[in-house]
Amino acid sequence: MAELNTGDGGGGKGGKVRSKKQNSKVDLTAMVDLAFLLITFFMLTTSLSKPQSMDLSLPDKDPDPTAKPTKVDENRTMTVMLGADNKIVYYMGLLESPIAGPKDIAYGKDGIRRELISRKKSVLAYSTALGKPKNGIIVIIKPTKKSNYRNLVDMLDEMAITGVETYAIVPEFTPEETKLVDKKEQ
């Protein structure tokens with residue numbers, strides 16, 4: 001408990017009695033104990049923030065040989081190829097008959113993000129006209145061996161920012177795409 005020592009209050013030698021300053025001393029042992037108990041309590045009862053990660057759907061290790069390939073409307077497909085030196089080349093539809101592109105574009109809000117948002121709106125309008133308003137844009141991300149990991153992470157961040165729900169990372173290139181990326185990189 002706290003104690004207060006005041007010293008003796010009697011007079012000293014001599015004729016005058018002077019009032020002495022009282023020595024005050026507060027014992028804070030109990031307060032320190034209480035502080036450590038509270039710190040321990042809050043450390044044990046609070047939950048620490050959990051790291052957040054993106055959900056990625058990976059293909060099966062053993063694909064079914066009898067399964068037929070899924071047909072996708074090329075009007076909903078956007079292919080983004082990541083090259084060396086932070087280069088991005090994209091096209092909409094099939095490379096043989098593209099709806100838009102192939103074009104070089106930059107990262108960021110004035111580059112690929114703006115293009116993703118506008119293409120997402122146009123695909124949504126196209127799907128609504130067909131009577132399938134839930135069908136959105138499909139983005140195929142193709143990183144080359146010359147692209148770096150940061151470019152892929154930036155592209156995945158753009159997918160999350162723009163709200164593109166259907167996308168795939170495909171490391172395979174057709175010979176035409178390889179020529180296109182190599183030509184654009186020079």
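- Contacts of Arg119 classified as salt bridge (Lys or Arg N to Asp or Glu O under 4.0 Å), with partners at least two apart in sequence or in another chain: Glu115.
- Applying the side chain to side chain donor-acceptor pair (under 3.5 Å) criterion to Lys142, with sequence neighbours excluded, gives Glu177.
- Partners of Ile112 under the side-chain contact (heavy atoms from CB on, under 4.5 Å) rule, at least two apart in sequence or in another chain, are Met78, Val80, Ile88, Ile105, Leu116, Met155, Glu158.
- Residues Leu152 and Val164 are members of one and the same hydrophobic cluster, defined by side-chain heavy-atom contacts under 4.5 angstrom among Ile, Leu, Val, Met, Phe, Trp and Tyr.
- With rounding to the nearest 0.5 Å, the separation of CD1 in Ile141 from CD1 in Ile169 is 5.5 Å.
- Residues forming a side-chain contact (heavy atoms from CB on, under 4.5 Å) with Thr46 (at least two apart in sequence, or on another chain): none.
- Through direct or relayed side-chain contacts under 4.5 Å between Ile, Leu, Val, Met, Phe, Trp and Tyr, Val170 connects to Ile140.
- Annotation: salt bridge (Lys or Arg N to Asp or Glu O under 4.0 Å) contacts involving residues 147-156, sequence neighbours excluded, comprise Arg150-Asp154.
- Hydrophobic cluster membership is shared by Met159 and Tyr90, with clusters built from Ile, Leu, Val, Met, Phe, Trp and Tyr side chains linked at under 4.5 angstrom.
- Put simply, CD1 on Ile161 and CZ on Arg113 are 4.0 Å apart, with the number rounded to the nearest 0.5 Å.
- Partners of Asn86 under the side chain to side chain donor-acceptor pair (under 3.5 Å) rule, at least two apart in sequence or in another chain, are Asn151.
- Remark: Phe42 pairs with Leu38, Thr45 by the side-chain contact (heavy atoms from CB on, under 4.5 Å) rule, at least two apart or across chains.
- Using a 4.5 Å cut-off between side-chain heavy atoms of Ile, Leu, Val, Met, Phe, Trp and Tyr, Ile39 falls into a hydrophobic cluster with Met43.
- For the atom pair CD of Glu165 and CD1 of Ile137, the computed distance is 12.0 Å after rounding to the nearest 0.5 Å.
- Counting side-chain heavy-atom gaps under 4.5 Å among Ile, Leu, Val, Met, Phe, Trp and Tyr, the cluster of Phe36 also holds Val32.
- At least one side-chain heavy atom of Tyr107 sits under 4.5 Å from a side-chain heavy atom of Leu82.
- Annotation: side chain of Thr144 is not in contact with side chain of Met81 (no heavy-atom distance under 4.5 Å).
- Val123 is listed as a side-chain neighbour of Met92, based on a closest heavy-atom distance under 4.5 Å.
- When the side-chain contact (heavy atoms from CB on, under 4.5 Å) test is applied to Thr29, the partners found at least two apart in sequence or on another chain are Asp27, Asp33.
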